[in-house]
Every structure is written in C-alpha cells, then in structure tokens.
Amino acid sequence: MNSFSNVQFQPLGEQVLIVNFKNEISFNTNMQVHSYALLIKESNIRGVQQIIPTLRSLAVLYDPIVIGYDELRNQLKSLKSIDTKIEKNGGRIIYIPVIYGGEDGPDLKEVAERTGLSQEEVIDIHSSNHYLIYMLGFTSSYPYCGEIDQRLSLPRRTSPRIKAAKGTVAIANEQTIIIPIESPTGWHIIGRTPIESFNPSIDPPTIFRAGDYIQFVPISSQEAKEWDSLKQREWREKWNF
Amino acid sequence: MGFIKTKRVARKMEFLEIIKPGLLTTIQDLGRKDYQIYGISTCGAMDPFSSRIANILVGNNEVEAVLEVTLVGPKIKFIHDGLIAITGADLSSRLNGETIPLWKSIKVSKGDILDFGPIRYGCRSYIAVAGGIDVPQIMGSKSTFIRGGYGGLDGRKLQKGDTISIDGSKLNTSLITSRKLPPSYILNFEEDRKVRVILGPQLEAFTKDAIEDLFLTPYKISIDSDRMGYRLEGVPLTHVMGADILSDFITAGSIQVPGSGQPIVLMSDCQVTGGYTKIGVVIGVDLPYLAQKKPGDYVRFEKIGIAEAQRLWKKQEQILSIMNKVNYTQV
C-alpha cells in the first residue's frame with residue numbers, strides 16, 4: 001500500500017477538512033481513500049466526528065472547539081500508512097440479484113449495440129466481477145461503484161430519463177450504480193434489483209457501506225415477481241450479509 | 001435482577017391544531033448529521049441558532065424539534081395550556097390578535113389562537129413548544145425531508161387539520177415564567193449585514209477576477225431558492241478550466257459555481273455529494289443570516305480566515321452552553 005505523502009488538505013468551511021487524493025476515478029485511488037479513512041478512524045484524534053469517503057477525497061468533520069484546522073492537518077499529516085490492513089478489515093461482498101434487460105433494463109439493448117456486444121455478453125461482463133463501493137452519495141444512499149470493464153464504458157445519456165424505478169441498476173463511464181428510490185437519471189439503465197437496499201425507517205438506512213463490494217447476480221423475471229421480504233431474508237442468509 | 005430506576009414516562013398530549021398551514025410550515029430539529037456517511041441529506045432548521053434559542057426559552061433541550069414557518073405564517077389553535085417561544089424572522093406574530101414579542105417565552109391557554117401577519121423582516125420564524133414535538137425519529141432526527149418523503153409529520157409540510165402532540169410529562173410551565181433572551185444575544189436580521197465566507201476548496205478553479213467579484217458585488221437571491229439551495233444572480237464567476245469536478249463531499253454553506261457562473265449556496269436539505277467547483281463556504285455563525293434572506297433580497301459576501309471563523313463559532317457555542325446550563329438548573 002502506498003504511503004500518503006501525496007495527499008492534499010483543504011478546508012471546507014470551519015468544520016470540515018477535505019483530504020484530496022489523485023484527481024481520477026479509479027479503484028486504486030478509491031482504495032487509498034478508504035485505507036486512509038480507516039487510518040484516521042483508528043488514530044482516534046480528539047475532535048474528529050465523522051470521516052466520509054468520496055470518489056477521490058474524504059471529508060473529516062470535526063469540532064473546532066476541540067481542535068483547530070492547523071492542528072488537525074498536522075496530526076493527519078503525521079499519520080503513518082498501515083500496509084494492507086484495509087484488505088483484512090474492509091470489504092464485505094454484498095450479492096445483489098438483478099433482472100437484466102426488458103422493461104427492467106430499457107437501455108440494455110442500446111448498450112449492447114453501442115459497445116458491439118450481445119446483450120448476454122453485457123450481462124456476463126457486468127455480473128462477472130465484484131465492484132468496490134467508492135462512496136454513498138446524493139440524497140438517499142446511492143452506492144457509486146467501480147470500476148466496470150472497459151468494454152462497457154459509455155458516457156452518460158445525452159437526454160436523461162425522467163424516471164428510473166426504485167432499485168434501478170445503471171452504468172456510465174467506468175462506474176455502476178444502484179438507484180434506491182425512484183428518481184431521474186442520466187445513466188444507462190440495464191436492470192433492476194428487487195432487493196430493498198434503502199429504508200429510512202431502519203438504522204442504518206442502507207445495507208451498503210462505502211468500502212464494501214457489490215456482486216451482481218442475474219435472476220429471472222419470474223424470481224423477481226415472487227420477491228418478497230421472506231425471499232429477501234433467505235437471500236441475505238444464503239449470501240451471508 | 002437489575003436496579004430499579006425511576007423513569008419519567010412519556011405522555012403524549014395533543015397540544016395544537018393547524019387551522020391554516022401557511023406557505024411552508026415543517027417540523028425541523030438540528031438534522032441527521034451522523035448519517036451523512038450513509039449518503040443521507042442532513043436537513044434540519046435552516047437557521048439553527050434561532051431554533052436552539054426558541055427551545056431554550058421554553059425549557060426544552062436545544063436539540064428538540066420546532067415548527068419552521070416560512071414567509072407566510074400559519075394560524076394555530078391551542079388545544080391545551082402550555083408555553084411557546086417564537087424566534088427568527090419577524091412575521092408579525094399575534095396571540096388572539098395581540099402582537100407578541102419574539103425571543104421570549106409566552107404562556108398560552110386552551111383555545112388561544114396564534115397567527116401571523118405581514119413580514120417585517122427575515123424569512124423563517126421558529127415556534128418552540130414546551131414539552132417538545134412528539135413525532136417519531138427517522139435516522140435520529142425529527143426533521144422533515146419533503147424530497148425524501150420522511151421525517152416530521154409523514155415527510156410532508158403541515159396541512160389544515162393536523163394536530164401536533166407534545167410529551168406532556170415534560171410540560172411544567174410553572175417553573176418557567178417569561179424567560180427572555182438578553183438583547184445583546186439576539187441576532188439582528190433586520191440589518192443588512194455581510195455574510196462571511198472562507199475561500200476554497202476549489203479556489204484554483206476560478207479566475208482572480210471571480211474571487212474579487214464574489215466580494216465586490218451584491219448577489220440577488222433567486223425565486224428558485226429553497227431549503228436545498230439558494231440560487232444567486234449577479235456578476236458571473238468565471239472558471240479557469242471548467243465547472244465540473246469529480247463529486248465530493250458538500251455541506252450547508254458551500255458555494256457551488258456551475259458553468260453558468262451563477263453561484264448556488266447549499267442549504268439544509270442539500271445532497272451530500274456534488275460535482276461543481278466550490279469557491280467558498282459560508283461560516284457557521286453567519287448561516288442564520290443567509291437563511292433569513294428571502295427570494296428577491298440581496299446578499300453581500302465578505303472574506304474571513306479560518307482561525308477567526310473558528311473563534312467566532314467557539315464564542316457562539318460558549319454562550320449557548322451557558323444558556324443551556326441555566327435551563328437545566330431551573331427545570
């Protein structure tokens with residue numbers, strides 16, 4: 001694991017410090033973000049309230065009454081890297097059932113055409129690897145994951161869709177995402193998961209944590225139709241998450 | 001067998017009824033700060049200072065939920081005797097037709113009518129009720145998030161006919177009589193005051209002119225502003241390269257500048273991640289002043305250093321901490 005000598009520190013107001021890594025979306029850079037988040041967490045710096053990883057940076061929320069900006073930055077700078085701890089500690093694999101294509105994945109056909117693959121190949125490629133959850137974001141625990149196979153990489157749609165169903169599985173550039181509540185999206189919708197990943201009445205509200213992995217598992221539309229809370233429980237017991 | 005503790009038992013008590021809801025009246029507390037790690041919007045009172053003070057004035061814990069009233073106030077009928085306090089904007093609050101002061105606890109009796117008139121100044125009033133507002137906590141908070149459809153009363157703004165309950169076991173009005181905030185602590189929302197900003201984090205994305213323009217000219221608060229963000233109109237702030245960044249963490253007070261160059265200040269209901277460059281962040285002690293501006297008003301920004309901003313925050317928290325202590329010794 002790299003040392004953290006190349007990170008940059010910046011204030012976001014007087015109560016948040018941002019740590020920036022390499023300016024790219026990549027598995028390696030995001031792994032560094034998670035690794036550093038863990039390092040800060042374990043160092044138990046007084047006054048640090050929350051550590052929030054994002055794509056290529058992380059936010060340290062702190063209480064300025066307990067610790068000032070300069071002191072916090074100096075303490076963060078003096079942290080030493082922790083080798084391969086992240087591999088041991090982070091990263092549950094969460095198995096997500098997906099119905100690909102058809103009305104659940106209205107863009108699958110177009111994705112296949114534009115990438116020169118068959119629809120089956122797109123499904124095989126998308127579900128053949130597990131993806132790191134780079135961050136949980138937007139308003140309702142959207143897991144931003146990557147990086148997907150280069151062969152599936154397409155820029156976002158030029159005209160966003162007004163309505164993506166709850167549970168939509170979509171791709172854009174080198175990333176894939178689950179959209180946990182009904183909302184508009186500019187990403188390519190290739191499928192839908194019947195699993196309920198987000199529920200504001202449950203604490204925590206999402207089954208995901210940034211730093212976990214998502215593995216998509218194709219299921220038939222028949223299986224999806226019969227999906228209920230019992231099925232969800234059986235699925236989670238089977239895949240142990 | 002464990003020890004037997006004497007425990008206060010919560011007692012749900014219907015306290016007030018909404019006769020007219022006003023423009024946008026919602027239940028808000030200090031929000032879901034601890035859930036940002038799960039990608040959850042914080043929400044909460046737009047002007048947390050006024051909300052905290054309102055609670056303290058009626059003997060509540062400062063984190064309790066209050067009613068946030070926007071521009072056009074509601075008409076409320078009290079179902080039970082109790083104690084309230086109104087803070088923040090002056091929307092001509094009246095009890096049974098008589099003007100009542102802000103920043104002061106006020107006894108109300110069963111059958112009393114609270115209503116509001118014209119806006120004198122500010123944008124949002126806060127109504128705290130002794131005993132706190134009895135709605136379930138969603139992710140540790142009673143705050144309404146209309147976009148998400150959760151929190152407060154069924155995730156929506158208040159409507160005609162809604163009743164609000166309090167925890168009756170916490171209501172003991174005899175212990176608090178006409179508590180008043182010392183005038184020197186009252187925030188003056190009437191005065192046209194500059195809002196202070198810490199520059200960055202994406203300062204290098206802006207031209208030198210843009211950084212000067214931000215502080216030189218006033219910006220108008222657009223009609224499209226809401227609890228998620230204030231869209232500003234004024235001299236466009238020009239970028240060196242482009243307006244987009246790889247999405248990173250954002251918080252209330254962040255000043256995002258998209259490609260149009262017209263800034264957007266993120267507010268309480270903002271998303272937790274954003275992909276536009278940020279030229280600066282409004283400091284914590286000045287957010288209430290911005291939240292009290294309404295569409296059509298102008299805001300002028302002023303640069304401040306981080307050490308000074310932290311000193312001001314500390315000073316504010318010390319004052320609030322003293323006020324809270326007074327509260328608990330009295331109750």
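Proteins come first, then strands; the chains are lettered A, B, ... in the order of their sequence lines, and each starts at number 1. Predicted, not measured: the structure shown is a model, and the values here were computed from it.
The neighbour count for B/F249 CZ, taken as heavy atoms of other residues, nucleotides or ligands under 6.0 Å away, is above 12. Remark: B/R231 CZ is loosely packed, at most 12 non-hydrogen atoms of other residues, nucleotides or ligands lying under 6.0 Å away. When the shell of 6.0 Å around CD of B/E308 is examined, it contains more than 12 heavy atoms from other residues, nucleotides or ligands. Around the CZ atom of A/R46, the shell of radius 6.0 Å holds no more than 12 heavy atoms that belong to other residues, nucleotides or ligands.
For the set B/Q271, B/R311, B/K278, the entry with the most heavy-atom pairs within less than 4.5 Å of chain A is B/Q271. Ranked by non-hydrogen atom pairs under 4.5 Å with chain A, the options B/T251, B/I250, B/L246 are led by B/L246. The residue among A/P200, A/G68, A/S201, A/G13 with the most heavy atom pairs within less than 4.5 Å of chain B is A/P200. No other option in A/S183, A/P11, A/A210 has as many heavy-atom pairs under 4.5 Å with chain B as A/P11. Among B/K33, B/Q318, B/Q202, the residue making the largest number of heavy-atom pairs under 4.5 Å with chain A is B/K33. Annotation: maximal heavy-atom pairing with chain A below 4.5 Å, among B/I198, B/V197, B/V282, occurs at B/I198.
With a 4.5 Å cut-off on side-chain heavy atoms, B/I40 and A/T139 do not count as touching. At least one side-chain heavy atom of B/I37 sits less than 4.5 Å from a side-chain heavy atom of A/R209.
Contacts with chain B (heavy atom to heavy atom, under 4.5 Å) involve these residues of residues 187-198 of chain A, listed by number: A/F198. Heavy-atom proximity under 4.5 angstrom to chain B picks out A/S140, A/S141 from residues 140-170 of chain A. Within residues 16-27 of chain A, the residues having any heavy atom under 4.5 Å from a heavy atom of chain B are, by residue number, A/V16, A/I18, A/N23, A/E24, A/I25. Identified by a heavy-atom distance below 4.5 Å to chain B, the contributing residues of residues 51-66 of chain A are A/I51, A/I52, A/P53, A/T54, A/L55, A/R56, A/S57, A/A59, A/L61, A/Y62, A/P64, A/I65, in residue-number order.
If you measure heavy-atom distances from B/S247 to chain A, the contacts under 4.5 Å come from both the backbone and the side chain. For B/D269, no part lies under 4.5 angstrom from a heavy atom of chain A. Only the side chain of B/Y150 comes within contact range of chain A, judged by heavy atoms closer than 4.5 Å. Heavy-atom distances place the side chain of A/Q10, and not its backbone, under 4.5 Å from chain B.
In this structure, CG on B/D34 lies 5.0 Å from CD on A/Q50, to the nearest 0.5 angstrom. A distance of 12.5 Å separates CG in A/L136 from CD in B/Q36, rounded to the nearest 0.5 Å.
Checking side-chain atoms of A/T206 against main-chain N and O of B/Y38 turns up no donor-acceptor pair under 3.5 Å. Checked by atom type and distance alone, the side chain of A/E14 pairs as donor or acceptor with a backbone atom of B/G284 at under 3.5 Å.
Across A/L12 and B/V281, no two heavy atoms sit closer than the pair CD1-CG2, 3.6 Å.
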